[in-house]
There are 2 protein chains.
Amino acid sequence: MAAHSIFDTLNDALKRETLSDVQVMRFEPGQVLFRAGEHCQGLPLVIKGGVKVQMTGASGHSIVLYRMTSDDICTLSIGCLMTGRGYRAEAVVEAETEAAMIPRPLFDNLMQQSADFRLGIMESYGRRLDDLMLLVEEVAFRRMDERLEEWLLARARKGQSLLKITHQELAVELGTAREVISRLLKELERKELVHLARGRVEVTGLMNRPPAP
Amino acid sequence: MAAHSIFDTLNDALKRETLSDVQVMRFEPGQVLFRAGEHCQGLPLVIKGGVKVQMTGASGHSIVLYRMTSDDICTLSIGCLMTGRGYRAEAVVEAETEAAMIPRPLFDNLMQQSADFRLGIMESYGRRLDDLMLLVEEVAFRRMDERLEEWLLARARKGQSLLKITHQELAVELGTAREVISRLLKELERKELVHLARGRVEVTGLMNRPPAP
DNA sequence: GTTGTTCAGTGATAAAGTCACACTCAACCT
DNA sequence: AGGTTGAGTGTGACTTTATCACTGAACAAC
């Protein structure tokens with residue numbers, strides 16, 4: 001199934017209007033799309049690249065909530081745009097990203113004119129809610145060693161098995177403390193499932209595990 | 001600010017059409033609006049009452065995700081309706097509830113015709129995302145004793161301080177095990193902040209605490 | 001009453017989070 | 001080159017939370 005942008009569903013007139021109103025921006029890894037507390041300026045639609053959305057608790061700990069990739073619209077921004085409240089999370093660019101910034105009037109217009117656009121937005125929202133519900137369940141009930149193994153395995157499967165990541169970053173991925181990750185990784189190394197180096201985790205022996213449930 | 005239904009924003013023609021298409025249903029406490037795995041039949045809009053939405057993990061443990069009250073539309077159902085997937089959570093009626101069941105065609109129609117209706121839906125979604133993000137943070141980073149105290153305090157403030165609830169139910173509210181709640185409550189009783197009885201928690205000494213952050 | 005059933009209490013143990021600090025490696029700077 | 005710096009990692013000691021396996025208490029139905 002070829003990925004296709006939500007814009008492809010628009011008719012020619014709408015597409016022309018969209019192209020004239022939309023501002024395409026480029027972002028480099030590490031750049032911050034928005035921070036907690038800031039107000040929404042426009043609605044980002046990721047054309048290509050990767051952005052992670054994470055939030056920081058009162059304790060100072062952070063956790064990655066979800067990721068946006070090609071053709072994802074930032075549902076969080078819709079909420080901020082509609083209610084006028086500030087962001088509760090922050091978005092950090094991971095891979096080189098192109099995003100279309102949709103101004104509010106254009107968004108309103110598209111919502112009114114295109115049933116497919118509406119459907120796309122609703123589906124995005126549905127997926128985000130699902131993601132977050134799943135995350136709540138994970139964080140509340142699942143064991144950290146399992147979650148870590150699954151995370152590493154998922155990354156290793158799609159891409160190389162040599163991951164460039166620090167223990168601290170892994171801790172933020174799973175919403176725990178760095179020490180916990182360090183100890184669990186040591187344990188995995190003892191079982192010869194990974195090989196560790198500074199800023200690196202090489203997955204060596206997890207590959208024939210049952211996939212995530 | 002008087003609560004007003006999202007329907008009040010509609011013009012007369014739409015309101016007439018809506019009233020003829022919508023089926024108002026009544027639910028008693030304990031009834032289940034939908035279960036995990038089931039497919040969505042129509043979009044519930046709560047007119048009055050209270051419904052809790054909770055999910056159960058693979059471990060068999062449950063956690064309350066959020067609640068719906070007057071004028072809340074079930075955003076979870078929109079997602080199911082749009083994507084055709086089954087529910088991931090279940091909805092349990094807490095107080096006697098009246099809800100309008102909106103069929104898909106009417107929903108599509110309203111989304112097309114009314115900007116205010118669209119705005120209302122978007123705002124609902126925004127609130128749900130916010131709720132869930134906050135919940136993730138709570139579950140991931142906050143201490144259980146604090147969360148329990150805050151939960152009891154919030155309930156005690158709006159209503160009577162004598163709560164009819166079991167330890168098991170409290171455990172589901174906070175997404176933990178019953179034993180944990182039992183021990184924490186015992187500790188609170190020892191500090192003379194609550195008084196315990198079978199199926200009851202009376203909040204006696206928490207009232208002059210700092211409100212939730 | 002007796003008999004179930006739901007609810008609550010508790011000890012033992014394991015997993016996870018917190019705090020404090022030491023060590024290691026790589027980059028940068030005279 | 002040697003030294004300094006800072007991010008990244010390892011670990012012990014301790015607390016909090018989760019899990020397991022029970023026991024007993026309160027209530028309802030018979």
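Just so it is clear, the model here is predicted, and its values are computed rather than measured. Here is how names work: the chains are called A, B, and so on, in the same order as the sequence lines, proteins then strands, and each is numbered from 1.
Chain B approaches DNA chain C within less than 4.0 angstrom (heavy atoms of the protein), and the contacting nucleotides run 5' to 3' from C:dT6 to C:dA12.
Scored by the side-chain hydrogen bond (donor to acceptor under 3.5 Å, both in side chains) test, A:R178 finds A:S182 as partners (sequence neighbours excluded). Every side chain to side chain contact (heavy atoms under 4.5 Å, CB included) that B:E38 has, sequence neighbours left out, goes to B:F34, B:R35, B:Y87. A search for side chain to side chain contact (heavy atoms under 4.5 Å, CB included) contacts involving A:T18 returns A:F7, A:L10, A:V22, A:L106, A:L110, not counting sequence neighbours. In this structure, B:Q31 has no side-chain hydrogen bond (donor to acceptor under 3.5 Å, both in side chains) partners at least two apart in sequence or on a different chain. In this structure B:T56 satisfies the side chain to side chain contact (heavy atoms under 4.5 Å, CB included) test together with B:S62, sequence neighbours excluded. Among residues two or more places apart in sequence or in another chain, the salt bridge (Lys or Arg N to Asp or Glu O under 4.0 Å) test is passed with A:R104 by A:D108. Every residue meeting the side chain to side chain contact (heavy atoms under 4.5 Å, CB included) condition with B:D72, not counting sequence neighbours, appears here in chain and number order: B:M68, B:T69, B:R127, B:R128. Applying the salt bridge (Lys or Arg N to Asp or Glu O under 4.0 Å) test to B:E94 and every residue at least two apart in sequence or in another chain returns B:R67.
Between the B:E98 side chain and the B:R26 main chain, no donor and acceptor come within less than 3.5 Å of each other.
Per the geometry, NZ belonging to A:K186 stands 6 Å off P belonging to D:dT11, to the nearest Å. The CG-P distance, from A:L170 to D:dG10, rounds to 12 Å in whole Å.
Between A:S182 and A:F141, the residue anchored closer to the 5' end of DNA chain D is A:S182, taking for each the nucleotide with the nearest heavy atom.
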Protein-nucleotides 13-16 of chain D N/O pairs closer than 3.5 Å?
residue	atom	partner	partner atom	Å
D:dA13	N6	A:R183	NH2	3.3

In the 5'-to-3' direction, what one-character label does each nucleotide of nucleotides 21-30 of chain D receive under the scheme B = base within less than 4.0 Å of a protein heavy atom, S = sugar-phosphate only, - = no such atom? B---BBS---
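Of the side-chain N and O atoms in B:H61, one or more sit less than 4.0 angstrom from OP1 or OP2 of D:dT19. Contact annotation: A:H167 reaches the phosphate of D:dG10 (side-chain N/O to OP1 or OP2, under 4.0 Å).
A salt bridge does not link B:E137 to B:R142: none of the charged side-chain nitrogens sits closer than 4.0 Å to a carboxylate oxygen.
Applying the salt bridge (charged side-chain N to carboxylate O under 4.0 Å, His left out) test to every pair with at least one member in residues 50-65 of chain B, sequence neighbours left out, gives no pairs at all.
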